[in-house]
There are 2 protein chains.
Amino acid sequence: MFISKTSEYALKVLTYMALKNATQFSAQSLYVELDIPKRYLMRLLTDLSKSGFIKATRGRSGGYIFARPIDTIYFSEIINSVEDLQSFEGCVLGNAVCPVDKPCAMHHIWEKPKQAFLETIKTTTLADLL
Amino acid sequence: MFISKTSEYALKVLTYMALKNATQFSAQSLYVELDIPKRYLMRLLTDLSKSGFIKATRGRSGGYIFARPIDTIYFSEIINSVEDLQSFEGCVLGNAVCPVDKPCAMHHIWEKPKQAFLETIKTTTLADLL
DNA sequence: ATAAAATAATACCTACAAGTATTAATTTAT
DNA sequence: ATAAATTAATACTTGTAGGTATTATTTTAT
Ligand code: FES
Ligand code: FES
């Protein structure tokens, strides 16, 4: 499972845009390139727009462009905008946070993969794809 | 998100049993210890039983015991019994597998956390908790 | 024998993520 | 001005993981 389908879509869209280096992307053009249900994609684009990653211009020759320099957009921020990143920080056996005094049975074993994941998404930006 | 709630429950049950070192566990006793909805837990226990991790004995003084030595039970096997481990092996951007010739934009970045996760669950058994 | 205490099977319900449909608003080419 | 091409808003539908309810089966203490 790892991340939600919507996170997957969001990453797909933004990584595509980051690599393609076009000035503007219409929902239609993204739809034909990426394998995401059209209407779902369109709503996602508005969401990503509201979240401040991209900027929409409406109307006949409209579309989306990045709203910020891509070296300021961390993967953690993208994922966090469509699902709760907190669920990754917490305990794998369900505690809201890892209690420092009394960690769960899996705490130690879980530490490495958990940190690898969090560190990767927190220290990597879209620009690192280039 | 990481793993499903059901995986979480399965791990919770089996790690608890592995550490507790009692000869037998009733559904009731597991219910009062672990924070899992009772009926859901009961169904899960039958599932874990069918999967061969534990063995049920019915009747008045029944309950569950491990069906195999716990140093043969890998976390990967537990998770795989309640959700599809394949979804972790595949591409983070949705391809069924990572195409060796043409990996996706995130493939390189994703490699480390992905391997950390898979390696941990594939090389660790319940006995390693002791 | 019978009742109690346990697991098993089956069916149903619920909440939420994922997906779809419809209509509105905005911009620009003509 | 008008129509076309785009994004935005809102509401609805679907699929499925998670959770509940009911009844059946099995075993053992009495
Ligand atoms: S306490 Fe459970 S993972 Fe840290
Ligand atoms: S091809 Fe996407 S993660 Fe490997």
Side-chain angles (χ1 to χ4, degrees), chain A residues 1-13 17 22-32 34-67 79-85 87 93-94, chain B residues 1-13 17 22-67 79-85 87-88 93-94:
Chain A
M1 180 174 285
F2 258 125
I3 58 175
S4 71
K5 202 112 204 197
T6 309
S7 283
E8 182 182 310
Y9 291 160
L11 292 175
K12 214 169 184 179
V13 168
M17 287 179 62
T23 52
Q24 194 183 233
F25 301 83
S26 69
Q28 176 62 26
S29 76
L30 292 170
Y31 168 65
V32 302
L34 314 170
D35 191 35
I36 304 173
K38 183 158 183 183
R39 293 174 192 276
Y40 199 73
L41 169 62
M42 293 186 69
R43 213 181 43 182
L44 175 60
L45 287 167
T46 339
D47 290 348
L48 293 174
S49 201
K50 283 185 183 164
S51 300
F53 300 115
I54 54 181
K55 191 165 49 182
T57 54
R58 299 217 256 193
R60 187 158 176 146
S61 59
Y64 299 93
I65 58 171
F66 277 109
I79 294 172
N80 194 40
S81 80
V82 297
E83 68 182 297
D84 187 12
L85 198 62
S87 69
L93 294 192
Chain B
M1 180 176 285
F2 257 126
I3 59 175
S4 71
K5 202 111 204 197
T6 309
S7 284
E8 183 182 310
Y9 291 160
L11 292 175
K12 215 169 182 178
V13 168
M17 286 178 63
T23 52
Q24 192 181 235
F25 301 84
S26 70
Q28 177 62 26
S29 76
L30 292 170
Y31 168 66
V32 302
E33 286 299 330
L34 314 169
D35 192 35
I36 304 174
K38 183 160 184 182
R39 293 175 192 275
Y40 198 72
L41 168 63
M42 293 184 68
R43 213 181 45 183
L44 175 61
L45 287 167
T46 13
D47 289 348
L48 293 174
S49 200
K50 283 185 183 163
S51 300
F53 300 115
I54 54 181
K55 190 166 49 181
T57 53
R58 300 216 257 192
R60 187 158 175 146
S61 59
Y64 299 94
I65 59 171
F66 277 109
I79 294 173
N80 194 41
S81 80
V82 297
E83 67 181 297
D84 187 13
L85 199 62
S87 69
F88 294 94
L93 294 192

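Every chain is numbered from 1, with letters handed out A, B, ... down the list of sequences. The structure presented is a predicted model; accordingly, all values stated were derived computationally and were not measured.
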B:Arg39 side chain, from C-beta outward: closest of D:dA8, D:dT22, C:dT7: D:dT22
Spacing between A:Leu41 atom CG and D:dT7 atom C1', to the nearest angstrom: 12 Å
Value in whole Å for how far the P atom of C:dA8 lies from CG of B:Asp47: 10 Å
Side-chain donor-acceptor contact under 3.5 Å, B:Gln24 with B:Thr57: yes
Separation of D:dT16 C1' from B:Glu83 CD (nearest whole Å): 13 Å
Nucleotide nearest B:Arg58 when distance is taken to its side chain, options D:dT7, D:dT26, C:dG19: D:dT26
Whole angstrom value for the distance that separates P of D:dA17 from CZ of B:Phe2: 20 Å
From C:dG19, C:dA8, D:dG18, nucleotide with atom closest to A:Tyr40 side chain: C:dG19
Atom-pair distance (CD on B:Gln24; P on C:dA6), nearest Å: 10 Å
Residue whose nearest DNA chain C nucleotide is more 5′ - A:Arg43 or B:Met42: B:Met42
Nearest-0.5 Å distance, CE of residue B:Met42 to CG of residue B:Asp47: 12.5 Å
Out of D:dT7, C:dA8, C:dA18, whichever nucleotide has its closest atom nearest the side chain of A:Ser4: C:dA18
Side chain of A:Lys5 - closest among C:dG19, C:dT7, D:dG19: C:dG19
B:Tyr9 side chain near D:dG19 phosphate (N/O to OP1/OP2, under 4.0 Å): yes
Which residue lies more 5' along DNA chain D, comparing A:Arg60 with A:Thr46 via nearest heavy atoms: A:Arg60
A:Ser61 side-chain proximity, nearest of C:dT7, C:dT28, D:dA11: C:dT28
Separation of atom CD1 in A:Ile36 from atom C1' in C:dA17, rounded to whole Å: 16 Å
Pair A:Phe2 + B:Phe2: ring centers closer than 6.0 Å: yes
Distance, rounded to the nearest Å, where A:Ile3 contributes CD1 and C:dA17 contributes C1': 14 Å
Sugar-phosphate, base or nothing in reach of B:Lys50, heavy atoms under 4.0 Å: sugar-phosphate
Atom-to-atom span, CZ of A:Phe25 to P of D:dT6 - whole angstrom: 15 Å
Any donor-acceptor N or O pair under 3.5 Å, side chains B:Tyr9, B:Ser4: no
